[in-house]
Amino acid sequence: MEYNFRELEQKWQKFWKENQIYKTGINKDKPKFYVLDMFPYPSGAGLHVGHPLGYIASDIYSRYKRLKGFNVLHPMGYDAYGLPAEQYAIQTGQHPAVTTKKNIDRYREQLDKIGFCYDWDREIRTCEPDYYKWTQWAFVEMFNHYFDNKLQKAMPVAGLIKAFETNGTVGVDANCTEELCFSAEEWNAKTELEQQEILLNYRVAYLADLKVNWCPALGTVLANDEVSEGVSVRGGHPVEQRVMRQWSLRVSAYAQRLLDGLEKVDWTDSLKETQKNWIGRSEGAELVFNVKGQDVSFEVFTTRADTIYGVTFMVLAPESELVAKLTTDDQKSAVEEYISATKKRTERERIADRRVTGVFSGSYAINPVSGTEIPVWISDYVLAGYGTGAIMAVPAHDSRDYAFARHFNLPIIPLIEGCDVSDESFDAKEGIMCNSGFLNGLTVKEAIAAAKKYIEEKNLGRVKVNYRLRDAIFSRQRYWGEPFPVYYKQGMPYMLPMDKLPLLLPEIDKYLPTETGEPPLGRAANWGWNEAMQIVTASSEIDNAAVFPLELSTMPGFAGSSAYYLRYMDPKNENGLVSAEANDYWENVDLYIGGTEHATGHLIYSRFWNKFLFDLGKVCKDEPFKRLINQGMIQGRSNFVYRVKDSNTFVSLNLKDQYETTQIHVDVNIVSNDVLDLEKFKAWRPEFSDAEFILEDGKYHCGWAVEKMSKSMFNVVNPDDIVERYGADTLRLYEMFLGPLEQSKPWDTNGIDGVHRFLKKLWGLFYKDNQLVVKEETPTADELKTLHKTIKKVTWDIENFSYNTSVSAFMICVNELSAVKCSKRAILEPLVVLLAPFAPHVAEELHHVLGNTTTVNDAVFPVCNEEYLVESTVKYPVSFNGKVRFMLDLPAALNKDEVEKEVFANDQTAKYLAGASPKKVIVVPGKIVNIVM
RNA sequence: GCGGCUGUGGCGUAAUUGGUAGCCGCGCCAGACUUAGGAUCUGGUGCCGAGAGGCGUGGGGGUUCGAGUCCCUUCAGCCGCACCA
């Protein structure tokens with residue numbers, strides 16, 4: 001029997017499928033374990049060899065846990081809504097549902113070939129109505145809840161209304177967009193419309209006029225994490241700031257809990273750090289400044305209350321509402337000119353070009369502590385969206401303020417003894433205060449505390465915690481997303497009744513905005529809501545009396561991915577996102593594997609979403625993902641050929657310096673070990689058909705470089721091709737063998753022969769000349785040692801996700817067994833089970849070859865017996881002054897003194913001592929001997 | 001600028017956590033076999049050196065009997081955040 005991987009892999013994949021080997025259900029007799037992959041967006045390009053890396057790692061862990069007696073939930077699905085399918089629809093007119101389905105089918109085909117243990121009965125697609133029903137449901141719940149700051153949890157809006165009716169805002173501490181203050185009488189006197197508008201100020205899902213990131217090229221707004229350096233992350237289109245009425249989720253209310261929760265999860269420090277940065281907690285004080293000669297005051301936020309005596313000017317963000325209030329008549333034209341100039345600059349330009357710009361407003365503020373009058377300036381270095389959009393500038397101790405003061409010749413007052421501010425500001429929070437009234441003589445740390453206390457006591461402001469985390473803008477002016485279950489009466493949003501969900505995505509004729517600039521859903525023929533009949537009806541019937549318009553925006557990409565891990569627990573449930581029974585059993589994800597690119601998007605939103613559902617009592621765990629591992633990126637390894645300028649002649653790598661050449665990417669699939677296949681090259685592209693070559697030793701050597709794996713670099717390797725040539729088990733092993741899971745590393749197909757050879761060698765322990773050679777003989781001590789040290793190593797490696805080293809441990813094991821021609825059942829049987837998580841097909845085959853009739857997945861993972869590992873002798877390296885000179889075999893039982901005695905009894909020792917007397921002898925029993933001379 | 005991670009043969013990497021640096025694999029070299037291959041098997045392969053030996057984990061310094069591993073410093077690369085007050 002040959003190792004016929006093609007036949008064998010197909011056979012077992014079929015067997016697993018037909019016998020539902022990977023079907024999972026609640027089983028209270030076994031401990032549960034939930035292993036999840038970040039589900040993919042099914043792109044048109046299909047999978048390349050980098051995508052399955054994380055899937056293989058999680059698959060190994062899932063299989064291992066199962067063999068260890070756990071009931072393992074290991075599902076897969078698709079993040080099926082998204083921009084690329086819609087962009088494609090715009091270009092081709094094909095319905096995004098059609099292309100999405102096609103892409104999903106392709107993904108599935110590719111995934112199936114690799115032999116994953118997914119329970120496909122639990123597959124979800126975010127674009128399916130029975131799934132997005134629950135996305136809409138969660139949104140309605142968010143609309144119906146507000147965040148109570150005191151309780152630090154979401155509470156029903158109904159309770160808030162009751163409080164307003166009896167006491168107004170008194171005693172209410174609700175997270176809100178804008179602090180409001182009204183009495184019960186005032187509330188009760190308001191119209192329904194007015195009350196609804198006020199409630200939007202509190203709801204967790206709310207509609208508000210916000211400054212948003214508008215991307216004209218994509219025709220939609222984008223969330224902060226979808227924009228980087230002023231351009232859209234997807235597509236790289238310019239993004240501008242615009243005020244629009246949009247749905248938002250009050251993620252910022254959960255800032256503190258999102259931060260605290262990080263302490264409870266087992267994630268990498270770098271990922272936690274990224275989330276901490278994104279949440280951006282800063283403790284400080286909010287100070288009230290009165291404006292001189294006007295009945296106006298404004299607040300600023302500062303983390304350096306200690307520097308209050310050094311404030312020499314104030315700065316407002318150009319977008320601040322205060323600008324209009326504080327601009328005096330003589331400064332009006334200058335301010336207007338500055339504001340319009342600022343508006344013209346995109347955010348990108350502002351970031352790229354750090355010129356100091358600004359204009360004086362004409363007004364003066366009064367320092368609430370020192371009483372000094374200070375000029376109020378306007379500058380775009382102050383952000384409208386952070387804090388209050390106004391700052392107190394302390395040029396001596398803040399580098400941005402310093403640059404501004406220098407540019408406009410404003411005073412700089414040093415506040416720390418001995419600091420030099422002649423060239424730059426002193427930003428460090430250390431030293432002793434001076435020029436600071438009652439703070440003089442204190443350290444900076446003490447002064448911050450003292451100043452805060454003073455501010456609170458004198459009622460000059462309040463101690464406050466600020467977060468950088470913004471609410472998530474939740475509307476997209478696009479077609480291919482979840483429709484909002486929302487209709488509008490007099491411009492005010494109302495939710496569809498829960499029992500009418502899902503609100504289905506309507507058909508439209510073109511996937512473009514309407515002629516009047518409304519989102520694509522504006523084209524839908526049936527997009528009205530008959531309130532009395534509770535049905536969707538023709539858009540033409542909208543009369544704003546009985547039939548009302550439905551929301552035209554759709555939800556963003558992160559909507560569907562925020563709670564999908566919960567749905568896998570109970571994917572067919574028609575009465576809830578997840579049943580209490582399923583949720584109580586599976587709880588949350590024990591191991592989540594995916595890329596770092598979701599660090600600030602998906603992983604913040606889903607934590608927020610989960611916490612919200614936790615507050616409602618719908619889920620039992622506060623954090624969704626207990627342990628998280630980021631797999632590294634697989635980079636491409638590109639190959640180059642060198643064309644001699646103005647010719648069709650190509651020169652081999654080491655001769656290219658003799659010519660003037662152009663470097664050209666060449667398809668890595670026609671290169672082997674950096675040697676170009678000349679015939680394939682000529683056939684690759686018509687322009688190379690008559691190419692000529694300057695060779696070295698009859699070969700054309702290509703250059704190479706590690707780059708991103710992409711079509712344009714011709715370095716994309718398709719897993720299908722690898723499976724076809726080497727089999728899925730070889731692919732799985734090689735992906736793991738490449739290097740540590742979390743590290744980025746280049747893919748080079750050339751190395752794959754090594755692991756393929758390993759599998760053949762393993763096969764060779766079972767079959768020789770087509771004969772099964774497995775024997776029932778008792779294994780030797782050495783064979784048992786080989787097996788058990790491998791069990792020990794591989795177990796430790798799996799637990800620590802060090803899969804590259806376990807593959808090499810398997811190789812060492814098989815090398816050792818081959819060397820002694822060991823084909824004994826007592827050794828091979830446990831070895832096959834040990835290998836099953838990594839190479840399930842060949843393991844299943846060999847498990848059956850050994851006479852087992854049930855799947856290897858139901859075997860028991862072997863346990864290391866330390867007794868077999870005990871050594872009777874130790875090879876001591878004997879070193880002199882730290883340099884190893886010779887090895888000495890000694891009984892392991894010897895103690896320190898006995899080892900020393902043996903070493904000095906050896907004549908080699910005398911040779912290296914060369915008559916000198918040792919100053920010191922170090923003996924570490926079982927390890928080394930070092931003689932210091 | 002701030003924060004994090006990583007630097008080991010020609011390449012991907014390993015090192016029982018302070019104890020023989022280079023395991024495993026690719027590649028390369030030599031040999032065997034021969035249905036001449038992108039097959040299989042055997043041996044070799046960090047660098048310098050004929051050899052004894054010396055050097056060697058980005059560079060410099062330190063702690064230690066002993067450092068890839070710990071400390072200080074410096075350089076390079078990758079990632080995250082970045083007018084966040």
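This structure is a prediction, so every number in the text was calculated from the model and none was measured. Here is how names work: the chains are called A, B, and so on, in the same order as the sequence lines, proteins then strands, and each is numbered from 1.
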Nucleotide opposite B/rC55 in a Watson-Crick or G-U pair, distances under 3.5 Å = B/rG46
A/D889 meets the side-chain contact (heavy atoms from CB on, under 4.5 Å) criterion, sequence neighbours left out, with A/T873, A/K875
Position toward the 5' end of RNA chain B (nearest nucleotide), A/M392 or A/T596 = A/T596
Protein and nucleotides 14-21 of chain B: nitrogen or oxygen contacts under 3.5 angstrom:
unit_1 : atom_1 : unit_2 : atom_2 : d
B/rA14 : OP1    : A/N804 : ND2    : 2.8

Test side-chain hydrogen bond (donor to acceptor under 3.5 Å, both in side chains) on A/S802 and A/T805 and set out the steps.
-> CA-CA 6 Å; A/S802 176; A/T805 50; 2.5 Å; yes
Taken to the nearest whole Å, CG/A/L603 to P/B/rC81 is 13 Å
Hey, could you give me each pair passing salt bridge (Lys or Arg N to Asp or Glu O under 4.0 Å) that has a residue in residues 759-769 of chain A? Not counting sequence neighbours.
-> none
Take the protein atom NZ of A/K429 and the nucleotide atom C1' of B/rA85, then report the distance between them rounded to whole Å.
-> 10 Å
Have a look at A/L738 and say if it touches a base, only the backbone sugar-phosphate, or nothing, with a 4.0 Å heavy-atom cut-off.
-> sugar-phosphate
B/rU69 to B/rG19 separation - P atoms, rounded to the nearest Å | 11 Å
Over how many whole Å does the gap from A/Q635 atom CD to B/rU6 atom C1' extend?
-> 12 Å
Partner of B/rC65 under the Watson-Crick or G-U wobble criteria, both distances under 3.5 Å, comes out as B/rG19
Scan every strand shown for a Watson-Crick or G-U wobble partner of B/rU6, both distances under 3.5 Å, and answer none if you come up empty.
-> B/rA76
Spacing of A/I931 atom CD1 relative to B/rU64 atom C1', expressed in whole Å = 18 Å
Given that both distances must come in under 3.5 Å, which nucleotide forms a Watson-Crick or G-U wobble pair with B/rC81?
-> B/rG1
Roughly how many Å is it from OH in A/Y3 to C1' in B/rU40, rounded to a whole number?
-> 17 Å
Would you classify A/T274 as touching base, sugar-phosphate or nothing, given that sugar-phosphate means primed atoms plus P, OP1 and OP2, and contacts are heavy atoms under 4.0 Å?
-> sugar-phosphate
Taking atom C1' of B/rG80 as reference, at what distance in whole Å does atom CE of A/M633 sit?
-> 14 Å
Would you mind writing out the side-chain donor-acceptor pairs for residues 919-933 of chain A within the sub-3.5 Å range, not counting sequence neighbours?
unit_1 : atom_1 : unit_2 : atom_2 : d
A/N930 : OD1    : A/S879 : OG     : 3.4
A/N930 : OD1    : A/G882 : N      : 3.1

Not counting sequence neighbours, list each pair that qualifies as a salt bridge (Lys or Arg N to Asp or Glu O under 4.0 Å) and has a residue in residues 746-755 of chain A.
-> A/R637-A/D748
For a side-chain contact (heavy atoms from CB on, under 4.5 Å) with A/M314, tell me which candidate from A/I378, A/V382, A/V376, A/N367 qualifies.
-> A/V376
So, A/H397 versus A/Y402, ring centres under 6.0 angstrom or not?
-> no
Using whole Å, report how far CZ of A/R470 lies from P of B/rC84.
-> 14 Å
Taken to the nearest whole Å, CZ/A/R468 to C1'/B/rA82 is 8 Å
What nucleic acid atoms does A/K464 come within less than 4.0 Å of, heavy atoms only: base, sugar-phosphate, or nothing?
-> nothing
Which atoms of nucleotides 24-33 of chain B (N or O only) lie under 3.5 Å from a protein N or O atom, and what are those distances?
unit_1 : atom_1 : unit_2 : atom_2 : d
B/rG25 : OP1    : A/N815 : ND2    : 3.1
B/rC26 : OP1    : A/R757 : NH1    : 2.2

Between B/rG22 and B/rG60, how far is it from one C1' atom to the other, in whole Å?
-> 24 Å
Which whole number of Å gives the distance between the P atom of B/rU42 and that of B/rC47?
-> 23 Å
Name the nucleic acid region contacted by A/R885, choosing base, sugar-phosphate or nothing; use a 4.0 angstrom heavy-atom cut-off, strictly under.
-> sugar-phosphate
Test item: A/K272 side-chain N/O and A/L262 main-chain N/O as donor-acceptor pair under 3.5 Å | yes
Watson-Crick or G-U wobble partner of B/rC33, both distances under 3.5 Å = none
Could you work out the separation of B/rG9 and B/rC65 based on their P atoms and round it to a whole Å?
-> 30 Å
